[in-house]
Amino acid sequence: MNQTIEELLAFLATPQKIIVTMHRDPDADALGSSLGWARYLSGKGHEVTVISPTDYSANLRWLPGMDQVLVFEKSGDNAICKKKIKESTLICCLDFSALSRLKDLGKLVEKSAAPKMVIDHHLEPEDFATYLIWDTKAAATAQLVYQIIKLIEKDKTPQQMFDLDMAECLYAGIMTDTGSFRHSNVTPEVHYTVAELMLSGLDTSRVHRLIYDNAPLSRLQFLGYVLSQKLTVLKEYRTAYMVLTEEELIRFNSSTGETEGIVNYGLQVENVVMSALFIERKGEIKISFRSVGTFSVRDVASSYFSGGGHKNASGGKSDLSITETVDKFLEILPEYQAQLISVQ
Ligand code: 5GP
Ligand code: MN
């Protein structure tokens, strides 16, 4: 049974030891919403530790507060993460709603007796939250963090509620999860939110540049290789897909963050409505799916690849080899052909 926001506020009336965590391979929304929320909680006198389950992309290192983030998988951070989790009196889970998205950290969070707070916009959350702030229509988890703070601090002006650091963190999440304000999840609220965050002196152009125009040369060269050699378009299914093997990632010295966003290029091909990216990294197969309009890649990810996500952006994994995984994908395409063809 989920507790109400009033019960949450009563709980937060005394200082707590709080963990803020987010999904593995965190993107700008996962990290931005977590850092924004953590900063708000610290300002209220709580002791807050932000833990990322895995390493993250280099273009997010500038986010305010990042220097304090612990990485569970890093040997130097692991012991202190465990200690902090043990001592915690609240665990906030942002931008995910299935504990498997925490990788190895998930078991510890599950075992912990501390109440859990989930702030998320993904479909069908698992039932582990004591406090649940969940809205699948929210463009980003950062948008939800903004809304909760507004709800709690209702008598304050935006400048009093959000300082520049918080504004940058939340804006980074909103900007990236809306594809720089071009996806169908953009609502008037999104623009109102940004307008209010800008009152703190937020330089939106700077944030955009730091995230999108801040790649090592190797990423662009890798992208050139992927687009010229690895992009396959199946016209009859209006589908594009790319397959990247471990050997290729090593050859191009491509780290986790450097493959982020590559799947979106498939959708730039005319008439394509679904794009898939298969990545083999450290013996694990991860798949990213993107689609446009009515076609739900979430259905593909959850039905066949132990995953989930949003209708137009989802992901999953596979225990098969990379070739077998791609073959499986190709085999299921006929089942979706009618839906793919009918997308407007
Ligand atoms: P990405 O392709 O950027 O890794 O993931 C896109 C979206 O798919 C994420 O925001 C998340 O909602 C979802 N997603 C990615 N991987 C998984 C997974 O393994 N399981 C679930 N349930 N969702 C995933
Ligand atoms: Mn998100």
Side-chain angles (χ1 to χ4, degrees), residues 21-37 52-57 59-60 93-106 118-126 128 133-147 169-180 183 185-186 190 193 211 240-242 244 256-267 274-281 284-291 296-319 325 329:
T21 190
M22 74 300 299
H23 62 75
R24 58 173 291 179
D25 311 318
D27 55 12
D29 187 35
L31 281 167
S33 61
S34 295
L35 289 168
W37 181 236
S52 171
T54 65
D55 204 2
Y56 43 80
S57 163
N59 66 338
L60 301 177
C93 299
L94 275 77
D95 202 38
F96 71 96
S97 27
L99 285 169
S100 63
R101 299 275 287 140
L102 286 178
K103 232 177 150 186
D104 299 342
L105 176 62
V118 169
I119 310 177
D120 188 33
H121 65 142
H122 292 99
L123 296 152
E124 292 170 8
E126 270 175 15
F128 67 91
I133 311 271
W134 175 66
D135 181 0
T136 55
K137 290 197 286 302
T141 298
Q143 169 85 34
L144 288 174
V145 169
Y146 160 88
Q147 282 168 8
C169 289
L170 298 181
Y171 181 75
I174 295 170
M175 179 190 79
T176 51
D177 263 26
T178 56
S180 301
H183 295 331
N185 57 359
V186 175
V190 167
T193 302
I211 290 187
Y241 72 96
M242 293 161 264
L244 299 177
T256 308
E258 284 182 37
T259 47
E260 172 93 36
I262 289 181
V263 62
N264 295 306
Y265 284 95
L267 290 182
M274 168 160 67
S275 175
L277 172 67
F278 299 82
I279 296 181
E280 177 190 33
R281 199 191 291 281
E284 235 190 349
I285 313 290
K286 277 290 293 171
I287 312 142
S288 285
F289 296 103
R290 298 291 184 272
S291 65
S296 169
V297 278
R298 182 180 161 269
D299 187 69
V300 178
S302 64
S303 304
Y304 293 103
F305 298 101
S306 318
H310 312 277
K311 186 174 80 171
N312 295 135
S314 69
K317 43 192 174 296
S318 164
D319 294 328
T325 306
F329 175 67

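Here, residue 1 is the first one in the sequence, and each next residue gets the next number. All values below come from the heavy atoms of this structure, side chains included, with hydrogens, waters and symmetry mates left out. Whatever order the structure lists ligands and atoms in, that order sets their numbers, starting from 1.
Taking distance alone, with nitrogen or oxygen atoms compared against 3.5 Å, Glu260 stays at or beyond that limit from ligand 1. The shortest N or O to N or O distance between Ser306 and ligand 1 is not under 3.5 Å. Considering backbone and side-chain N/O atoms, Arg290 comes within less than 3.5 Å of an N/O atom of ligand 1.
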Give the C-alpha distance, both sets of side-chain angles, the deciding distance and a yes or no for side-chain hydrogen bond (donor to acceptor under 3.5 Å, both in side chains) between Thr141 and Ser33. CA-CA 6 Å; Thr141 298; Ser33 61; 4.9 Å; no
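By the side chain to side chain contact (heavy atoms under 4.5 Å, CB included) test, Asn264 is found to be paired with Arg290, residues two or more places apart in sequence or in another chain being considered.
Other residues, nucleotides and ligands contribute more than 12 heavy atoms inside 6.0 Å of the CD atom of Glu126.
Of the protein's non-hydrogen atoms, the one nearest atom 22 (N) of ligand 1 is Gly308 N, 3.3 Å. Among protein heavy atoms, the minimum distance from atom 16 (N) of ligand 1 is reached at Lys286 NZ, 3.0 Å. Of the protein's heavy atoms, Ala313 O, 3.6 Å lies nearest to atom 7 (C) of ligand 1. Closest to atom 11 (C) of ligand 1 among all protein heavy atoms lies Arg101 NH2, 3.4 Å. Scanning the protein for heavy atoms near atom 10 (O) of ligand 1, the closest one is His122 NE2, 3.3 Å. For atom 15 (C) of ligand 1, the nearest protein heavy atom (residue, atom name, distance) is Gly315 CA, 3.3 Å.
Atoms of ligand 1 lying under 4.0 Å from at least one heavy atom of Lys317, given by number and element, are 19 (O).
Take a cut-off of 2.8 Å around the Mn ion (ligand 2): the protein N, O or S atoms inside it are Asp29 OD2, Asp95 OD1, His121 NE2, Asp177 OD2.
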